[in-house]
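Owing to the predicted nature of the structure, the values given are computational and were not obtained by experimental measurement. Counting from 1, the numbers follow the sequence of the chain as shown.
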Amino acid sequence: MRLVWVNHASFLVESGNIRLLCDPWIEGTIFNNGWRLMSPTQLRYEAFEGVTHIWFSHEHPDHFFPPNLRNIPADIRRTITVLFHETRDKRVVNTCKSLGFAVRELPNYMPVLIGPDFRIVCGLNDLIDSWMAIFAEGKAVLNLNDCVFPKREELLAIRRMTGQIDLMLSQFSYANWVGNPGDLDAHRAHATRKREQLKAQIELFRPRQFIPFASYVYFCHEENFHMNQSVNRIGDIRRFLADELQQESLVLYPADEWEVGAPHDSADAIERYDSDFKIDLDVPPLTSRSVDLETLQTAMSELVDKCKKRNNSLVLNAMPSSVIRLADLRQDAEISYRRGMQPVHGKQADIVLSSDSMLHCIKTDWGGETLKINGRFEVPSGANAVRFFKLFRVPQYNGYGENVDLRFVAARLLGTVRNYASN
């Protein structure tokens, strides 16, 4: 079984006549200009020829990025089968079908044979993310990507299904808002928490080899650039794995090739990532143009109308309002499903953000989730940002095929619906 490293969370697994590509994000800024790849990708779109399958773990753009997929030549797209877990909304599979890919939906926890001696199992995590186990040539590879498992029982269930793991891959640094500028204690706490998550995974699975991945990015906007200061660096993580966990690990740089199970010298890859990161931090961060208040109010009114057509208006009207501070406009406003967006004065703001970020929250189903991930906001002392993000869970739930009605609220109160958009 041969592995070719692509970038970030993407790699190609080759065995027999199967060439399975995981989560290709090739180029471009994502999360509303919040993230960039740390290092340049070497794989070109023409090189997708010969790829038999592409698996997407979830819809976040560092894993599923349609602008890149459109750059794959159309005649090559028609030869590739996309693999994605079963969903109610079908957004990913329908997008892929429209681009000319064949599509195969993967049932939860069910083995699927995609080639002679090449079996996969996909498992859903929090209704957003998924992991994949690959079995070929007598080896087992477990790709956990961004999955977070609050309960040990969830990891145990995977362990019982997979048996001994030859190679495991998992995210090694934080990928979301970790605190205001200057709040280094909070930033470091998030970095430590990620190491503890790695520790829990490795101590349970004890893979023969481990690849830390899915964190080869940097925060590239002036509003989140401060979060680069405390990220887990790949060299430190490899030392942590060796010294504290006695775990054999390896680091691969874009275009590196490796035979699963073979020894590997990671020194060159670590040095190149460190060099790339220093170069990235010397590049001036991105900025955004301001959006006038009237445009934001119109967009918010359209969002309210859209959500009230899809969901129970009584439930939406009962949701608490949130006060926002538009930093670049020097304007406070109150938002709700009752009154849309109205200027206010003298009220405690729940969140401080730019007008550009606010417009993105309003205009996209995933706007609130994107803001949490790109971290382009601040929370004033004593504020309650949860009120803000709860309002934008409604279009996010709708994106998953859920309607917010009285039965939905009752199920949430009874704990029968998992909070897959939690803070």
* Can R88 and E402 be said to form a salt bridge (charged side-chain N to carboxylate O under 4.0 Å, His left out), step by step? -> CA-CA 9 Å; R88 183 181 300 179; E402 295 280 0; 3.8 Å; yes
* Charged N to carboxylate O under 4.0 angstrom, K90 versus E105? -> yes
* Asked: Between N32 and T370, is any side-chain donor less than 3.5 angstrom from a side-chain acceptor?
  -> no
* Asked: So, D350 side chain and V323 main chain: donor-acceptor pair closer than 3.5 Å or not?
  -> yes
* Distance only, no hydrogens: is a donor on one side chain within 3.5 Å (strictly under) of an acceptor on the other, for R272 and S275? -> no
* Asked: Which atom pair, heavy atoms only, marks the closest approach of V103 to C96?
  -> CG2-CB, 3.9 Å
* To do: Could you list the residues that satisfy ring-ring contact (aromatic ring centres under 6.0 Å, His included) with W55, not counting sequence neighbours?
  => none
* Structure fact -> Of D365, N398, N311, the one forming a side-chain hydrogen bond (donor to acceptor under 3.5 Å, both in side chains) with K306 is D365
* Mind telling me whether W35 and W25 have parallel, tilted or perpendicular rings, with 30° and 60° as the class edges? => tilted
* Please assess D62 against H8 for the test side chain to side chain donor-acceptor pair (under 3.5 Å), listing each intermediate value before the final yes or no. => CA-CA 8 Å; D62 59 320; H8 184 54; 3.0 Å; yes
* So does R78 pair up with D75, basic N to acidic O under 4.0 Å? -> no
* Near Q229 CD, under 6.0 Å, is it more than 12 heavy atoms from other residues, nucleotides or ligands? -> no
* To do: Show your working on ring-ring contact (aromatic ring centres under 6.0 Å, His included) between F377 and F389 and close with a plain yes or no.
  => CA-CA 12 Å; F377 66 94; F389 287 108; 5.5 Å; yes
* Would you call the rings of H187 and H226 parallel, tilted or perpendicular if under 30° counts as parallel and over 60° as perpendicular? -> tilted
* N/O donor-acceptor pair under 3.5 Å between N7 side chain and P254 backbone -> no
* Is it true that atom CZ of R289 has more than 12 heavy atoms of other residues, nucleotides or ligands lying nearer than 6.0 Å? -> no
* To do: Please test T29 against N33 for side chain to side chain donor-acceptor pair (under 3.5 Å), starting from the C-alpha separation and ending with a verdict.
  => CA-CA 5 Å; T29 57; N33 288 328; 2.8 Å; yes
* Asked: Have H60 and D146 got a donor and an acceptor in their side chains that come within less than 3.5 Å?
  -> no
* **Qualifying residue for ring pair (Phe, Tyr, Trp, His ring centres under 6.0 Å) with W131, from F205, F149, Y109** => Y109
* Asked: When you look at L391 and I335, which way does the side-chain contact (heavy atoms from CB on, under 4.5 Å) test go after all the steps?
  -> CA-CA 9 Å; L391 292 171; I335 58 173; 3.7 Å; yes
* To do: Output yes when a side-chain donor or acceptor of N224 lies under 3.5 Å from a complementary backbone atom of G34, and no otherwise.
  => yes
* **Heavy-atom pair with the smallest gap, counting every atom of D23 and S10** => O-CB, 3.1 Å
* To do: May I ask you to check whether over 12 heavy atoms, not counting those of M161, lie within 6.0 Å of atom CE?
  => yes
* Using the benzene-type ring in the case of Trp, are the ring centres of F172 and Y216 under 6.0 Å apart? -> yes
* Could you go through the side-chain contact (heavy atoms from CB on, under 4.5 Å) check for V112 and R104 one step at a time? => CA-CA 10 Å; V112 173; R104 184 171 183 177; 3.2 Å; yes
* Atom CD of E49: over 12 foreign heavy atoms under 6.0 Å -> no
* To do: Return yes if some donor-acceptor pair links the side-chain N/O of N312 with the main-chain N/O of L314 below 3.5 Å, else return no.
  => yes
* To do: Identify the two heavy atoms, one from G375 and one from M227, that lie closest to each other, and give their separation to 0.1 Å.
  => CA-CE, 3.8 Å
* Give a yes or no answer on whether the side chain of E223 reaches the backbone of E378 with a donor-acceptor pair at less than 3.5 Å. => no
* Determine, step by step, whether F225 and L281 satisfy the side-chain contact (heavy atoms from CB on, under 4.5 Å) criterion, reporting the C-alpha distance in whole Å, the side-chain angles of both residues, the deciding distance to 0.1 Å, and the verdict. => CA-CA 9 Å; F225 201 71; L281 298 187; 3.8 Å; yes
* Give a yes or no on whether the ring-centroid distance for F392 and F388 is below 6.0 angstrom. => yes
With a cut-off of 3.5 Å and sequence neighbours excluded, list every side-chain donor-acceptor pair involving residues 261-271.
residue: H264; atom: NE2; partner: V251; partner atom: O; Å: 3.2
residue: D265; atom: OD1; partner: A267; partner atom: N; Å: 3.1
residue: S266; atom: OG; partner: V251; partner atom: N; Å: 2.8

* To do: Work out which heavy atom in S170 is nearest to a heavy atom in Q201; give both atom names and the distance.
  => OG-OE1, 2.7 Å
* Of T87, N108, L106, the residue whose pairing with L124 passes side-chain contact (heavy atoms from CB on, under 4.5 Å) -> N108
* For residues Y400 and W366, establish whether the separation of their ring centroids is below 6.0 Å. => yes
* Structure fact -> With D328 as partner, the option from S354, S355, S357 fulfilling side-chain hydrogen bond (donor to acceptor under 3.5 Å, both in side chains) is S355
* Asked: Below 4.5 Å, heavy atoms only, C-beta onward: do S215 and I234 meet side chain to side chain?
  -> no
* A175 versus Q171, closest heavy-atom pair with distance -> CB-NE2, 3.5 Å
* To do: Flag the pair E244 and K199 as a salt bridge only when some basic side-chain nitrogen lies within less than 4.0 angstrom of an acidic carboxylate oxygen.
  => no
